[in-house]
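See below for the structure under consideration.
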There are 2 protein chains.
Amino acid sequence: MSDAEIDRIFRALADRTRRDIVRRTLGGEASVSALADEYDMSFAAVQKHVAVLKEAGLVTKHPRGRERIVRADPDQIARARGLLAQLEGLWRARFDQLDHVLSDPITPE
Amino acid sequence: MSDAEIDRIFRALADRTRRDIVRRTLGGEASVSALADEYDMSFAAVQKHVAVLKEAGLVTKHPRGRERIVRADPDQIARARGLLAQLEGLWRARFDQLDHVLSDPITPE
DNA sequence: GTTATATACAACCAAATGGTTGTACATTCT
DNA sequence: AGAATGTACAACCATTTGGTTGTATATAAC
């Protein structure tokens with residue numbers, strides 16, 4: 001997984017509207033216009049948010065008639081979660097390495 | 001946890017350099033100048049990256065002599081991970097609700 | 001005390017972001 | 001066929017982002 005790809009995932013998640021789109025399309029698919037109805041902004045703005053999510057792989061778009069159906073991809077979210085878990089793992093590894101020498105939370109400086 | 005706060009956390013993580021700073025300061029604290037030595041950019045640029053991480057609560061800064069010691073906060077990372085886990089939970093809830101009626105992955109359209 | 005190091009902070013700049021409106025095209029409905 | 005709906009996409013605009021340089025200040029080293 002490239003750095004650019006990770007950038008895209010986290011940047012896509014760094015917007016309230018986009019997180020909400022993910023929530024809605026995880027709970028059940030929706031057309032772009034159905035999504036647009038939910039927010040106080042233009043259709044084009046919502047269209048752009050969906051595009052950002054799609055670029056990040058967090059969402060897929062399938063044509064159905066004249067509509068475009070948006071569906072969230074739980075796997076990509078799981079991947080993002082995995083990245084954070086990895087970071088936390090580093091922290092744990094640090095203390096494992098120190099073998100709890102500094103286990104007291106009040107570290108003398 | 002406010003939307004603005006969540007925005008800050010994910011935006012802070014949406015940059016390769018900042019993710020690397022988190023990694024390094026999880027594995028062991030570092031001064032801002034020590035961090036700056038690691039990257040091909042100015043001290044001021046690194047200083048700004050640290051500030052973004054601090055605003056997001058991913059990192060703390062403590063003065064030690066003339067230095068400022070940067071330390072990552074694993075709890076805040078865990079919180080971010082929790083948010084993603086929550087999203088995934090919605091997806092699972094969806095299928096729990098449907099009681100596996102659509103359990104076949106190839107959904108006919 | 002002077003010099004070197006570490007930081008803070010302002011001003012500036014190019015590029016990206018998040019929004020808008022307008023136009024064009026495809027599909028569906030009547 | 002004609003009208004309405006859903007989407008695509010371009011052009012534009014204000015603000016934010018990620019970088020720079022320059023200047024000032026605090027601490028440390030000699």
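Numbered from 1 within each chain, the chains take letters A, B, ... in sequence-line order.
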Listed pairs, N/O of protein and of nucleotides 27-30 of chain D, under 3.5 Å:
residue : atom : partner : partner atom : Å
D/dT27  : O3'  : B/Arg66 : N            : 3.4
D/dT27  : O2   : B/Arg66 : NH1          : 3.3
D/dA28  : O4'  : B/Arg66 : NH1          : 3.2

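Listed pair A/Arg68 / D/dA8 meets the phosphate criterion, a side-chain N or O lying under 4.0 Å from OP1 or OP2. Remark: A/Gln47 is not in phosphate contact with D/dC9, judged by side-chain N or O atoms under 4.0 Å from OP1 or OP2. Using a 4.0 Å cut-off, some side-chain N or O of A/Ser33 falls inside it from OP1 or OP2 of D/dT7.
Distance CD (B/Glu29) to P (C/dA6): 15 Å, rounded to an integer number of Å. Rounding to whole angstrom units, CD1 of residue A/Ile69 and C1' of D/dA8 are separated by 16 Å. Between the CG atom of B/Leu35 and the P atom of C/dT7 there is a distance of 9 Å, rounded to whole Å. A straight line from CG of B/Asp7 to C1' of C/dG18 spans 12 Å, rounded to a whole angstrom.
Considering A/Ile9, A/Thr60, A/Leu58 as possible partners of A/Leu53, the one that fulfils the side chain to side chain contact (heavy atoms under 4.5 Å, CB included) test is A/Leu58. With A/Glu29 as the partner, the salt bridge (charged side-chain N to carboxylate O under 4.0 Å, His left out) test is satisfied by one option alone out of A/Arg64, A/Lys61, A/Arg24: A/Arg64.
Residues passing the salt bridge (Lys or Arg N to Asp or Glu O under 4.0 Å) test with B/Glu5, sequence neighbours excluded: none. For B/Arg18, the side chain to side chain donor-acceptor pair (under 3.5 Å) partners are B/His49, not counting sequence neighbours. Checked against salt bridge (Lys or Arg N to Asp or Glu O under 4.0 Å), A/Arg19 has the following partners two or more places apart in sequence or in another chain: B/Asp3, B/Asp7.
No more than 12 heavy atoms of other residues, nucleotides or ligands sit less than 6.0 Å from atom CZ of A/Arg16.
Between the A/Arg68 side chain and the A/His62 main chain, no donor and acceptor come within less than 3.5 Å of each other.
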| How does protein reach along nucleotides 16-21 of chain D, written 5' to 3' as B (base within reach of a heavy atom under 4.0 Å), S (only sugar-phosphate), or - (no contact)? | -SSBBB
List the atom pairs, donor and acceptor, that lie under 3.5 Å between side-chain atoms in residues 74-85 of chain A and the rest of the protein, sequence neighbours left out.
residue : atom : partner : partner atom : Å
A/Gln76 : OE1  : A/Arg79 : NH1          : 2.2
A/Gln76 : NE2  : A/Ala56 : O            : 2.8
A/Arg81 : NE   : B/Glu88 : OE2          : 2.3
A/Arg81 : NH2  : B/Glu88 : OE2          : 3.1

